[in-house]
Amino acid sequence: NGKIFMSDASLNAGVRQTASGIVIDGSVSDVNIALETISFKAAVGQETGALSVSVDDGDPLTSITREKLSIEIDKAPPEVASPEKAFVKTAVASKLGGISVADTDSARLTVTVEVQEGSLTLEGGVALGGALVNGLGTTSMELLGSSSDLNTILASLTYESAETPSESLSVVVTVNDQDAETVGASSEIDLEILGNAAPEPGSDIEVTGLQEDAGPQQIAPVFGIFTD
């Protein structure tokens, strides 16, 4: 159902790992201190677990005491991280970076990426691994796969706006693990649309009013103004 671990803290008790678990040797107080550092990590997809504890004092005249503990495993919800804002060019496929998903106890996740207008797609050459991708080139994409494969795909996600984009746009990323007992997560990225107009040069430098043999004189440039 999972694995047990112990803290790396310095312990007076002797600790050794075996194929079946952990063996702790020492005084009663030292063993109890060591037991307090034990942690359990459930295997993916497990809902319950069990832990067996045996105590042996090495005396052939006494019996070994055994106790079995039942473990109820809390399911971890999926998580999504993203930047609050992304800058993209008008009508040009622009990369959206910094999006990632995670889930400690689910092998596969479903991610949806949605925007009000424009199109969502992926950079060419991205490896999909074992993931499935639907909705390329639309306003709504759906991804299904492991968190590792999904993060590779999300790192290549791009957005292309319309020629005349709306003033307020955002990309919403939602992730869930298809488990009715957990709640999905979502994140919203505000889009800042940048214009693509070429810069327009202003006036050249103008020099007027110079007097010959009048000593050093100041030249006042008129700088060009560039607009975009």
Verdict with supporting geometry, I193 and V88, side-chain contact (heavy atoms from CB on, under 4.5 Å): CA-CA 5 Å; I193 310 296; V88 297; 3.3 Å; yes
side-chain contact (heavy atoms from CB on, under 4.5 Å) assessment of T65 paired with E67: CA-CA 7 Å; T65 301; E67 188 75 24; 5.6 Å; no
Residue pair L96, I189: steps toward the side-chain contact (heavy atoms from CB on, under 4.5 Å) verdict: CA-CA 9 Å; L96 301 175; I189 308 168; 5.5 Å; no
Derivation and outcome, side-chain contact (heavy atoms from CB on, under 4.5 Å), residues V113 and L154: CA-CA 9 Å; V113 186; L154 290 170; 4.3 Å; yes
Step-by-step side chain to side chain donor-acceptor pair (under 3.5 Å) determination, S166 to Q116: CA-CA 9 Å; S166 299; Q116 296 93 328; over 6 Å; no
Stepwise side chain to side chain donor-acceptor pair (under 3.5 Å) test for S29 and S27: CA-CA 5 Å; S29 60; S27 66; 3.3 Å; yes
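Around the CD atom of E117, the shell of radius 6.0 Å holds more than 12 heavy atoms that belong to other residues, nucleotides or ligands.
D105 contributes a side-chain N or O that, together with a main-chain N or O of A76, makes up a donor-acceptor pair within less than 3.5 Å. Formation of a donor-acceptor pair under 3.5 Å by the T90 side chain with backbone atoms of L194 is found in this model. Remark: side-chain polar atoms of D25 are not paired, donor with acceptor, to backbone N or O of G14 under 3.5 angstrom. Side chain of S70 to backbone of A50: no donor-acceptor contact under 3.5 angstrom is found.
Taken together through direct or relayed side-chain contacts under 4.5 Å among Ile, Leu, Val, Met, Phe, Trp and Tyr, Y159 and V133 form part of one hydrophobic cluster. When the side chains of ILVMFWY residues are joined at heavy-atom separations under 4.5 Å, either directly or via intervening members, V53 and I64 end up in two distinct hydrophobic clusters. Linking Ile, Leu, Val, Met, Phe, Trp and Tyr whenever their side-chain heavy atoms come within less than 4.5 Å leaves L69 and V23 in two separate clusters. Hydrophobic clustering, with ILVMFWY side chains joined whenever heavy atoms are under 4.5 angstrom apart, groups I38 together with V31. There is no path of hydrophobic side-chain contacts, each under 4.5 Å, that joins V111 to V183.
Across all non-hydrogen atoms, the minimal contact from T37 to A34 is OG1-O, 2.7 Å. For the residue pair G184 and P78, the shortest heavy atom distance occurs at CA-CG, 4.0 Å. Closest approach of M141 to L157, counting heavy atoms only: SD-CD1, 3.8 Å. For the residue pair A91 and S161, the shortest heavy atom distance occurs at N-OG, 2.8 Å. Shown here for G137 and T121, the closest heavy-atom pair between the two residues is N-CB, 4.2 Å. Residue N151 comes nearest to S100 through the heavy atom pair OD1-CA, 3.2 Å, listed as atom of the first residue, atom of the second, then distance.
Every side-chain contact (heavy atoms from CB on, under 4.5 Å) that V126 has, sequence neighbours left out, goes to L122, L128, T152, S156. Under the salt bridge (charged side-chain N to carboxylate O under 4.0 Å, His left out) criterion, K68 pairs with no residue at all, not counting sequence neighbours.
In this structure, OG1 in T110 is found 4.0 Å from CD in Q178, a value given to the nearest 0.5 Å. Summarising the geometry, atom OG1 belonging to T62 is positioned 3.5 Å from atom CG belonging to D57; distances are rounded to the nearest 0.5 Å. In this structure, CZ on R108 lies 4.5 Å from CG on L144, to the nearest 0.5 angstrom. Atom CD of Q17 and atom CD1 of I4 lie 6.5 Å apart (nearest 0.5 Å). Atom CG of D177 sits about 5.0 Å away from atom CG of D179, to the nearest 0.5 Å. Here the OG1 atom belonging to T138 is positioned 9.0 Å from the CD atom belonging to E114, to the nearest 0.5 angstrom.
The side-chain heavy atoms of E79 and V175, taken from C-beta on, include no pair separated by under 4.5 Å. Looking only at side-chain heavy atoms (C-beta outward), L120 and V115 come within less than 4.5 Å of each other. Contact of the L11 side chain with the I33 side chain is registered, since non-hydrogen atoms from C-beta on lie closer than 4.5 Å. Between R66 and S52, every side-chain heavy-atom pair lies at or beyond the 4.5 Å cut-off. Residues S147 and D103 form no side-chain contact, since every pair of their non-hydrogen atoms from C-beta on lies 4.5 Å or further apart. Between V80 and T174 there is no side-chain heavy-atom pair separated by less than 4.5 Å.
Applying the side chain to side chain contact (heavy atoms under 4.5 Å, CB included) test between L143 and each of N134, T112, L132, I153 identifies I153 as the sole match.
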